[in-house]
Protein chains: 2
Amino acid sequence: MDNVGWMITETGFNPKKQHHHETIFTTGNGYLSTRGALEEGYPGDSRATFIHGVFDDVPIVVTEIANAPDWTEMDLVLAGERFSMAQGKILGYARSLDLRSGVLSRRLSWQSPLGKRWQLSFARFASLSDTHQMALHLEVSAAKGGGEVQVRAGLDGQPDNQGIKHWAWTAQETLEHSAWLQCSTRASKIELGMGMRLFAQSPAAITHSGWDVRAHPVLTAHTHLKEGQTASFDKLVVVYTRRDVAEPLTAVRVHLDRLKSFDWQAALTQQQKAWGEEWQRNDVVIEGDEEAQLAIRFNIFQLLIAAPRSDERVNIGAKTLSGFGYRGHSFWDTEIFMLPLFIYTRPEIARNLLSYRYHSLAGARRKAQANGFRGAQYPWESAGSGDEVTPTWVPHFADRNKMVRIWTGDIEVHISADVTFAILQYWHATGDDEFLRQRGAEIILDTARFWGSRVEWVAELDRYEVSDIIGPDEYHDHVDNNAFTNYLIRWHLQQAQQVLGWLEKVAPPEAARLKTELNLDAAELQRWQHVIEHIYCPYNPQTKLIEQFEGYFKCRDVDLETLEPRSKSVQELFGIEGAAETQVLKQPDVLMLLYLLPELYGEDVLRANYAYYTPRTDHTYGSSLGPSIQAIMACRMGDVQDAYTHCMRAASADLLDVRGNAGDGIHGASAGGMWQAVVFGFAGLKLNADGSHNLTPHLPKGWKRVAFQVVWHGKTIQVDVKGQA
Amino acid sequence: MDNVGWMITETGFNPKKQHHHETIFTTGNGYLSTRGALEEGYPGDSRATFIHGVFDDVPIVVTEIANAPDWTEMDLVLAGERFSMAQGKILGYARSLDLRSGVLSRRLSWQSPLGKRWQLSFARFASLSDTHQMALHLEVSAAKGGGEVQVRAGLDGQPDNQGIKHWAWTAQETLEHSAWLQCSTRASKIELGMGMRLFAQSPAAITHSGWDVRAHPVLTAHTHLKEGQTASFDKLVVVYTRRDVAEPLTAVRVHLDRLKSFDWQAALTQQQKAWGEEWQRNDVVIEGDEEAQLAIRFNIFQLLIAAPRSDERVNIGAKTLSGFGYRGHSFWDTEIFMLPLFIYTRPEIARNLLSYRYHSLAGARRKAQANGFRGAQYPWESAGSGDEVTPTWVPHFADRNKMVRIWTGDIEVHISADVTFAILQYWHATGDDEFLRQRGAEIILDTARFWGSRVEWVAELDRYEVSDIIGPDEYHDHVDNNAFTNYLIRWHLQQAQQVLGWLEKVAPPEAARLKTELNLDAAELQRWQHVIEHIYCPYNPQTKLIEQFEGYFKCRDVDLETLEPRSKSVQELFGIEGAAETQVLKQPDVLMLLYLLPELYGEDVLRANYAYYTPRTDHTYGSSLGPSIQAIMACRMGDVQDAYTHCMRAASADLLDVRGNAGDGIHGASAGGMWQAVVFGFAGLKLNADGSHNLTPHLPKGWKRVAFQVVWHGKTIQVDVKGQA
């Protein structure tokens, strides 16, 4: 296979872009992910390994995914000089992530401060076929000079989350060729075991030893290389936590016992095979546009390594498992932006992600109850337990006397409908009746109960309203009757009625059980119907416009063009209150509604709202969630080149760091959104309820071919669309 | 010398009291202090070394003194078993801190899980004669069994402040017998170098090696002991920071080069000699009351090791250098409670502490300016720069949706007068005219300017008021016309006039310079006079009572007796607002005023206020600052046994942990207050302006003798008071 379209490569190391590139070079396997920090360390690096579900308490921001003990550490002392890219000279350098195998490699030629020259080649991966195992391969060649080569492979048990330590050391053992470490998160008390073996091959004798330093066991190998000679070293690491097994340390030791020998090439072949099978189902081919080709695969890869393959009690964080941003918390980003990729190509993973919401129903019920509502109210930010973990107050970035109140956890309520949307999307695609019966229905019905208690009856207007909330467009908070939310509530209650009807038909005992448990009596069901008929869903038949929220049209209209060129969001330019007084959107809100529920109105309404809202949206520095959806809607409007611009903005959020914050981790929603833009936008795939599908391609200039596959009603649809020559 | 009265001892190790005892067993030398955590570690320990002035940024609470790399780490593997007091059996155990030498020792007999028995003896100290050097001595005896003995002496470069990491590693070197480590605080970029040597003596051969683990260099020594044999190990550590020298690492290496051999006994002798000289000046003898004898020496010792001997840009934190409480920040606790000990026994140290306020004038001026005032307004909490570092918002301990606003940094303003009080107390004691001329006058005059701009003219009452502040009694905040503050302002302005007059006489050029620089024009000086004549200083000639603040007498009167027995403060019982509505005081406020300024009123007024406020004060769980002052006032009223109760409450704040928070560090104000209670209360020492003194002893029952010395007007006064037989 050709490398083109598969390799993320850097040819020079730029310390200023260190954090951005650590994010890009994240590798993983759905159990854990590791940022692409250098094995030997670099001043100011932000090294991290995140294991799904390993959350620990933290002041102010509640809980965060704990940076796990660092398995990548590999120090090198070459003829008495400690190797560091910050010292000596780098005479040649290339680093690349091979998306076909998930292997991160680095090759370089280092001239030491004392003038010796060494060729170094690092490669590492987290095994996809055995997700508790990671491998690191190092080759050292004496290009000029030679001398003693000392390799030190460590497990650093005191990593931190940007200065916050989460681990308490409990025990360890360091032998000559192997070592293990046991520790626990400080507050959540999740026990972790990590073990390693170090193998070495050299033309000269090799001495092994173990440095049993508290919380930081190290295995060393010494050898001697003459000029022209090469030695190689393999570090194998295994990790388990109490979330996986009852006795993580025992699992580590048993696993280590199995690894008495190691063949890097064989392991690599196995890894390539596992990823090859993965790509069979997930690959999206874009011919004629190398940038888009690489970007779509990169984004798919990053979602695949963040998605839990065998754990249905975790979810994907907004920044996947690749950075400290949003602390591993999950948002609607998963259900609305990332999930479709999995629903249509890896439904088993989609099922895990949706099951997470089932297992976290208790937290959603606690949230509803704490707020005085019935049923289940999903948290805006969700972590281990499903309780609301959005920070409520954060320090003002500039003025330490001020705290900023974060309201999303209190009033951005649409997520409860978003989860239902995702469940039904999954069900329609897969026909997984068992999931709907056992888990999905309970979620849909209990969140419907929440809506039934959340809406407000306004007698004088003879309608239900929903006041004081935040819709998808977060530039405007504390708004009333956000169209996206109100329409989705109505739709959600309708779906709940249908799901209940379906359940009563196909599984009467389950239906009866749920009706009892959730107290779905006649009054409740009548209320749903009353809400469906009376909830205020704004629409003006004259203008065909849907007002984003009540009073939006009275906000100040700002011509965004006049602000160009800019490198800041409209909120940064105008301030939080200032931006809220304008009509400028952080992301398309009404268009998002029309994307999710296309059956609501005809094309004329879509066109009117597209024309109105598009120029009023902060596409460049607003929400990273916007561009992909904007791209799809632009395709539907026939604005293919605009669509392309929006899509590539989503595509390059991380690769090109267009928002300047890729160092915090992958923009998961952007990644998933790009996949939707290609599939449902440019390829114009439409999946019909009867199992059939249509294609209305709108390929951008230069795109010669788009090919991918999706699973619909249990059958694989091969899409292969050709562009203009 | 007899051990009685000099040894702080524990005879059993109680993990539940671990943090409390770590505080008590803090050792140090005025450059750094180290908590008494076990060398080999213990689950849940709170190990820390604090070096004066090494502050680093931290979210929310602004800045904190960074826990320095751990120099005490000493791991032991005995015949293959890792030594830990959490495993095996402890057959005998004693730990003691010898106040005569500042040496912390631990002797124990350990039966290992496999049944071997080892006698272990640890001892360590921070050198008083060479403050950059620390020594740790370990003796290992094979009592039953014997086998290989492995000692691992580490420098842990990744310590944390209760989960917050402050250090970024930069470099290190590990040889066979020595190692060094270089790192920097993450935000404040204070470079630190630490180095060590390990010496070993054994009847058998010894193998040394170095484990060069990143950020955690370790020196090991292996030997073999047969039953009955003993080996000894000495770990010598040196440390410098960029605050001390331009190149800390060079200083470390030069210092290590000097230490090619080491004799523990000789070092111990030197240390005893240095401390012996210290005690010549500081000791307070109390005969007839072993508890009080030990407590006074313990408290003096803890202040001595926290006081900067050669650095005039640092101050003593409220919790000295012994714990994480208040994060190393300094309060008025230094000037009013701790400083007298130094003024009267170690004026060189008092000068350093007062010079800190001079060097931090810029921060005080920034604070005044930011608040719209003239002159210098000292911060309520002060750290490296002298800027205000009181946190403004802290999370509510129980409800994460709430933040609690801390107001002391905004409105507890009396500290600016307290600093002036301390300067004049120092000057009167020492006659250090040069200090007053060069530094003190500028502080006194510029804080006077602050008062001139802070007071509020109320035309209809023809008086100045000071509204919306907090006095010493923090149960009542946002009060108007706090008597303590208003009286001190008047006194401060009077002193400023006199100091300016004095300066104009003795040093006309300095006076002229200051008048120009501080803009002390005729209008300013007239304003001072006007404030002196018109500031509202509450006093009721009928009742002879001073109302603590305006409206205090209208607050609800609570009979504290009816709340007994209790183990919580009145604020905890009634809530913040609830306590504020009562007349209950956190600490004596008016009595504090009458202590500092006894010349204000005659004994009748003191008696009336003592009678009124004493029963309304939360002596047991209010402020730890209260009891010592209450003790002095009780002495003056002749309530000697009450005074003794109060004094012992101050004395045992840490030794007996009577407030349950000694784990956070030594109560420095309590320690300094106890000294004042003994000297100015029980011994009844009165120092007169003409250089003479009087003694009016009020010794508690059982006290046979109190003896100490103070320096007054440059002459040493030997006080030796005998009690009743």
Side-chain angles (χ1 to χ4, degrees), chain A residues 40-41 43-44 56-62 70 73 75 77 82 84 86-87 150 152 154 156-166 168-174 186-187 209-218 220 370 388-389 391-396 399-403 405 409-410, chain B residues 40-41 43-44 56-62 73 75 77 82 84 86-87 150 152 154 156-166 168-174 184 186-187 209-218 220 370 388-389 391-396 399-403 405 409-410:
Chain A
E40 74 281 6
D56 193 35
D57 300 1
V58 61
I60 309 292
V61 291
V62 193
D70 181 18
E73 182 183 283
D75 278 6
V77 180
R82 183 185 286 264
S84 164
Q87 270 153 20
Q150 203 185 113
R152 299 141 172 207
D156 181 0
Q158 298 191 66
D160 62 288
N161 284 49
Q162 302 183 305
I164 310 259
K165 267 168 95 162
H166 284 295
W169 175 84
T170 45
Q172 71 182 54
E173 185 179 50
T174 313
R186 292 182 173 200
S209 68
W211 292 348
D212 190 32
V213 172
R214 203 192 297 169
H216 202 158
V218 172
T220 76
E388 180 61 74
V389 293
T392 48
W393 291 93
V394 296
H396 191 280
D399 180 353
R400 71 174 201 89
N401 286 308
K402 285 194 191 148
M403 297 290 292
R405 182 69 165 85
D410 304 73
Chain B
E40 73 282 6
D56 193 35
D57 300 0
V58 61
I60 309 292
V61 291
V62 194
E73 183 183 283
D75 277 7
V77 180
R82 183 185 286 263
S84 164
Q87 271 153 21
Q150 203 185 113
R152 299 142 172 206
D156 181 358
Q158 299 190 65
D160 62 288
N161 284 49
Q162 301 183 306
I164 310 261
K165 267 168 94 161
H166 283 296
W169 175 85
T170 45
Q172 70 183 54
E173 184 179 50
T174 313
S184 288
R186 293 183 172 200
S209 68
W211 292 349
D212 189 32
V213 172
R214 204 194 295 171
H216 202 159
V218 172
T220 77
E388 181 60 74
V389 294
T392 48
W393 291 94
V394 298
H396 190 280
D399 180 354
R400 71 173 200 92
N401 286 307
K402 285 193 190 148
M403 297 290 292
R405 183 69 164 85
D410 304 73

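Here is how names work: the chains are called A, B, and so on, in the same order as the sequence lines, proteins then strands, and each is numbered from 1.
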Note to self: Restricting to salt bridge (Lys or Arg N to Asp or Glu O under 4.0 Å), what partner residues turn up for A:Asp70, sequence neighbours left out?
What the structure shows: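 Listed in chain order: A:Arg47.
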
Check: Checking B:Val218 against chain A: side chain, backbone, both or neither under 4.5 Å from a heavy atom?
Finding: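 Side chain of B:Val218 only, per the 4.5 Å heavy-atom cut-off to chain A.
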
Next item on the list: For chain A, find which of B:Gln162, B:Gln150, B:His216, B:Glu173 contributes the most heavy-atom pairs closer than 4.5 angstrom.
Entry: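 Most heavy-atom pairs under 4.5 Å with chain A: B:His216.
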
Margin query: Can you tell me which of B:Ile164, B:Val394, B:Val213, B:Thr220 forms the most heavy-atom pairs within a distance under 4.5 Å of chain A?
Written below: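 Most heavy-atom pairs under 4.5 Å with chain A: B:Val213.
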
Check: Quick check: does any side chain N or O of A:Lys165 sit under 3.5 Å from a backbone N or O of B:Gln158, one acting as donor and the other as acceptor?
Finding: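 Yes, the answer is positive, given that a donor and an acceptor are paired below the 3.5 Å cut-off.
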
Item checked: chain B contact via A:Pro159 - side chain, backbone, both or neither, heavy atoms under 4.5 Å ->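 Interface part for A:Pro159: backbone (N, CA, C, O).
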
Check: Can you tell me how far CG of A:Asp75 sits from CG of B:Asp212, rounded to the nearest 0.5 angstrom?
Finding: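 Reported value, rounded in 0.5 Å steps: 8.0 Å.
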
Margin query: Distance check, rounded to the nearest 0.5 Å: B:Arg214 atom CZ versus A:Arg82 atom CZ?
Written below: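 Reported to 0.5 Å precision, the distance equals 7.5 Å.
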
Note to self: Parallel, tilted or perpendicular, judged at 30° and 60°: which one describes the rings of B:Trp211 and A:Trp211?
What the structure shows: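 Ring orientation, 0 to 90° scale: parallel.
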
Checklist line | By side-chain contact (heavy atoms from CB on, under 4.5 Å) - contacts of A:Ala168 (at least two apart) | finding: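 Per chain and number, A:Ala168 pairs via side-chain contact (heavy atoms from CB on, under 4.5 Å) with A:Arg186.
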
